[in-house]
Every structure is written in structure tokens, then in C-alpha cells.
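My questions will all concern the structure given below.
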Amino acid sequence: MTHLSGKVAVVTGAARGIGAATARRLAEDGATVAVVDLDEAQTKGTVDAILGAGGSAIGVACDVSSEEAVIAAADQIRSEAGSIDVLVNNAGLLRDNLVFKMSLADWDTVMGVHLRGSFLWAREAQKTMVANRWGKIVNLSSTSALGNRGQTNYSAAKAGLQGFTKALAIELGPFNINVNAVAPGFIETEMTRATAARTGVDFEEMKKRGEQAIPLRRVGRPEDIAGVVSALCSEDTSYVSGQVIYVAGGPKA
Ligand code: NAP
């Protein structure tokens, strides 16, 4: 499919995991992809994979929680690639703890990356989207938005992103910009591996337990999310906006 030919896509947190798979998929769809992560060296693997497959990509360093860094990165992408047409707010991290042990720093860090980062990137991305009367924004929420022990910060941020998605869809709809959220369940990435390590659970054991609770009886792959993001950036879904699509191997919410 090449439904994004001539378009420029920004994927944050695209050095690995869901972001890397999404960046590769949007490049296959024809987009020039700005692979954004904390430092440029980290983006090389994804950029090289895209270039090696005949696609187009640039690596861009940016801490999404910094206003200054997001503005500079967006300026760089607009000047090197000409526009920002697709934005995938994917950068994320965990600072899990029970509420009585959670530090203010751990609360603020999670809010800063997921909520502030998505706001800052959307504010930049909408500039050329509004001017061109065309845009697609996809925000990464999570099944944790429904509540998860040890994740008051992360659950609040991921639920917050759902409200953010709906408000942004209302504001940007008149400019032919679709805004949706994808809410993954258990996806096999460094993030879920790190959770297993932190809680002292063997990862294969954690996956086995997870699979029992998932109707499709398997945990997800980054490509399962990338495919849905790609679909939400296609004209086939051009009348879908302000929605939260749970991609969790079964029903949620
Ligand atoms: P991951 O493997 O940990 O990758 C996240 C990427 O984001 C990393 O490359 C990380 O860089 C980067 N990042 C973190 N903070 C950043 C910042 N301030 N600025 C720029 N980049 C930053 O995670 P993932 O599992 O692919 O998750 C991707 C998204 O999906 C996240 O929003 C996550 O919350 C969401 N999600 C994941 C799952 C799951 O089961 N995996 C489920 C639901 C939702 P560093 O390597 O330098 O930290």
C-alpha cells in the first residue's frame, strides 16, 4: 500500500518497540518518516531499516516532554522534509509504584512524556496540517487507562490521552484532520520485558499468564499496533475520528 506517498510522518519514541514497527510500516505506506527519540544515535536502527527497505527516513533527537526540544525538532522536520502530515504520539515510559510509595517526580515524569509530550507535538504538527487541510494524528493510549494496580500515574496519563484525543478531534475536524487513539493491551516489547524484570517474574511465564486472559490466546506484537495505526492513516478510515480503538486481542472498555 502507498496511501501515504508524498506525506511526512512523525513517530515519537520510534527507536524501538511499537514506535519502530509503526515507523517502518508508515514508510512502507509511502511516507517519509521522522524517527524521533531521545538521542539521534538511538534512531539509527529504525532509520537504517527503513532506508534498507527502500523507504525514506530521517532520525531526529527530541525529548518530547521539553517544549524547546519539540519546537526545534518540528522546525528541523519541516525544513528538511517540508511538512508534517501524520503524527503518532508513541513515546512512553513507566514509573510504576503503589500510590503511597510513588514520588512526585515519578508522577510528573509520566505526565510529562505522555500528556505534555503529546500536547506539544500536536500543537506543532497541526500547523502544516491545518494549512494543507489534511492530517492524521494517532495517540497511544493503553488498556491501563481502565485502571491498573501500581500505575496511578500511567493510567491517569493514558486515560487523559483519550480525552485529549476527543477534544483535539473536535477542534481539528473542520480542517480535515482525523485524530484517534489506539489502546494496546499486552504487547511484547522492552517495556513489558522491563516490567517482568522489575517485578521478578520470568517474561515467558508472564506471557503465558497473559495469554490465558486474552481471548485470542496470544500476546500482541508491535506490528499488530502498527497495522492499526496505518489503517487509521488511510482514506478507508477517513470518517473515523475521536475514537479509541482497543487492540488487545479481545474486547476492552
Ligand atoms: P518501549 O519499547 O519502552 O519504547 C518506548 C520508546 O519511547 C523508547 O525508545 C524510549 O526511549 C522512548 N522515549 C521515552 N521517553 C521519551 C522522551 N521523553 N522523548 C522521546 N522518546 C522517549 O515501549 P513500547 O512498549 O514500544 O510502547 C510504546 C507506546 O505504547 C508507549 O506510549 C506505551 O505506553 C504504549 N503501550 C505499550 C504497551 C505494551 O504492552 N508494550 C501497552 C499499551 C500501551 P529510551 O529507550 O531512551 O527510553
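Counting convention: from 1, in listed order, for ligands and their atoms alike. All values below were derived from every heavy atom in this structure, side-chain atoms included, with hydrogens, water molecules and symmetry-related copies excluded. Being a predicted model, the structure only gives us computed values, none of them experimental.
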- prompt: Among Asn90, Leu140, Val247, whose heavy atom sits nearest atom 32 (O) of ligand 1?
  reply: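 Among Asn90, Leu140, Val247, the closest heavy atom to atom 32 (O) of ligand 1 comes from Asn90.
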
- prompt: Taking atom NZ of Lys44 as the centre, does the number of heavy atoms from other residues, nucleotides or ligands within less than 6.0 Å exceed 12?
  reply: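 Counting neighbours around NZ of Lys44, 12 or fewer heavy atoms of other residues, nucleotides or ligands fall under 6.0 Å, so no.
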
Atom indices of ligand 1 within 4.0 angstrom of Glu190 heavy atoms, with elements: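 Result: 2 (O).
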
task: Within a distance under 4.0 Å of any heavy atom of Cys62, pick out the atoms of ligand 1 and give their elements.
output: 19 (N), 20 (C)

message: When you measure from the heavy atoms of Glu188 to every atom of ligand 1, does any distance fall below 4.0 Å?
response: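 For ligand 1, residue contact (heavy atoms, under 4.0 Å) with Glu188 is absent.
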
message: For atom 5 (C) of ligand 1, which of the options Gly17, Gly112, Ala15, Gly92 provides the nearest non-hydrogen atom?
response: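 It is Gly92 whose heavy atom sits nearest to atom 5 (C) of ligand 1.
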
- prompt: Would you say Thr143 and ligand 1 have an N/O pair spaced under 3.5 Å apart?
  reply: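 Looking only at distances, the answer is no, because the N/O contact criterion of under 3.5 Å is not met.
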
- prompt: So which of Leu93, Ile225, Thr189 gets nearest to atom 41 (N) of ligand 1, if we judge by its closest heavy atom?
  reply: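 Of the listed residues, Thr189 has the closest heavy atom.
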
- request: Give a yes/no verdict on whether any heavy atom in Thr12 is under 4.0 Å from an atom of ligand 1.
  value: no

query: Counting heavy atoms only, which part of Val113 comes closer than 4.0 Å to ligand 1: side chain, backbone, both or neither?
result: side chain

message: Hydrophobic clusters here meaning ILVMFWY residues chained together by side-chain heavy-atom distances under 4.5 Å, can you tell me if Ile137 and Leu26 are in one?
response: no

message: For atom 26 (O) of ligand 1, tell me which residue out of Ile18, Val182, Val36 has the closest non-hydrogen atom.
response: Ile18

message: For ligand 1, which is the ligand I care about here, please tell me if Phe186 has any N or O atom under 3.5 Å from one of the ligand's N or O atoms.
response: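 For ligand 1, there is no N or O atom that lies under 3.5 Å from one belonging to Phe186.
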
query: What protein heavy atom sits nearest atom 1 (P) of ligand 1, and how far away is it?
result: Arg16 NE, 3.5 Å

- prompt: Considering only heavy atoms of Tyr154, which atoms of ligand 1 have at least one such atom less than 4.0 Å away?
  reply: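 That gives atoms 33 (C), 34 (O), 35 (C), 36 (N), 43 (C), 44 (C) of ligand 1.
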
Let me have the donor-acceptor pairs involving side chains of residues 95-102, under 3.5 Å, with sequence neighbours excluded, atom names and distances please.
{"from": "Asp96", "atom 1": "OD1", "to": "Gln151", "atom 2": "NE2", "distance (Å)": "3.2"}
{"from": "Asp96", "atom 1": "OD2", "to": "Gln151", "atom 2": "NE2", "distance (Å)": "3.2"}
{"from": "Asp96", "atom 1": "OD2", "to": "Arg198", "atom 2": "NH2", "distance (Å)": "2.9"}

- prompt: Has Ser141 got any heavy atom lying under 4.0 angstrom from an atom of ligand 1?
  reply: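 Right, Ser141 reaches ligand 1.
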
task: For His114, counting its heavy atoms only, list the atoms of ligand 1 lying under 4.0 Å from any of them.
output: 32 (O), 34 (O)

Atoms in ligand 1 flagged as close to Asp63, the criterion being non-hydrogen separation under 4.0 Å: 17 (C), 18 (N), 19 (N)

- prompt: Under 3.5 Å between some N or O of ligand 1 and some N or O of Ser142?
  reply: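 N/O-N/O distance under 3.5 Å: no.
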
Residue list, salt bridge (charged side-chain N to carboxylate O under 4.0 Å, His left out) with Lys207, at least two apart or on another chain: Glu188, Glu204

task: Give a yes or no on this: more than 12 heavy atoms of other residues, nucleotides or ligands lie within 6.0 Å of atom CZ of Arg149.
output: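 For Arg149, atom CZ is not crowded (no more than 12 foreign heavy atoms under 6.0 Å).
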
query: Does even one non-hydrogen atom of Gly185 get within less than 4.0 Å of ligand 1?
result: yes

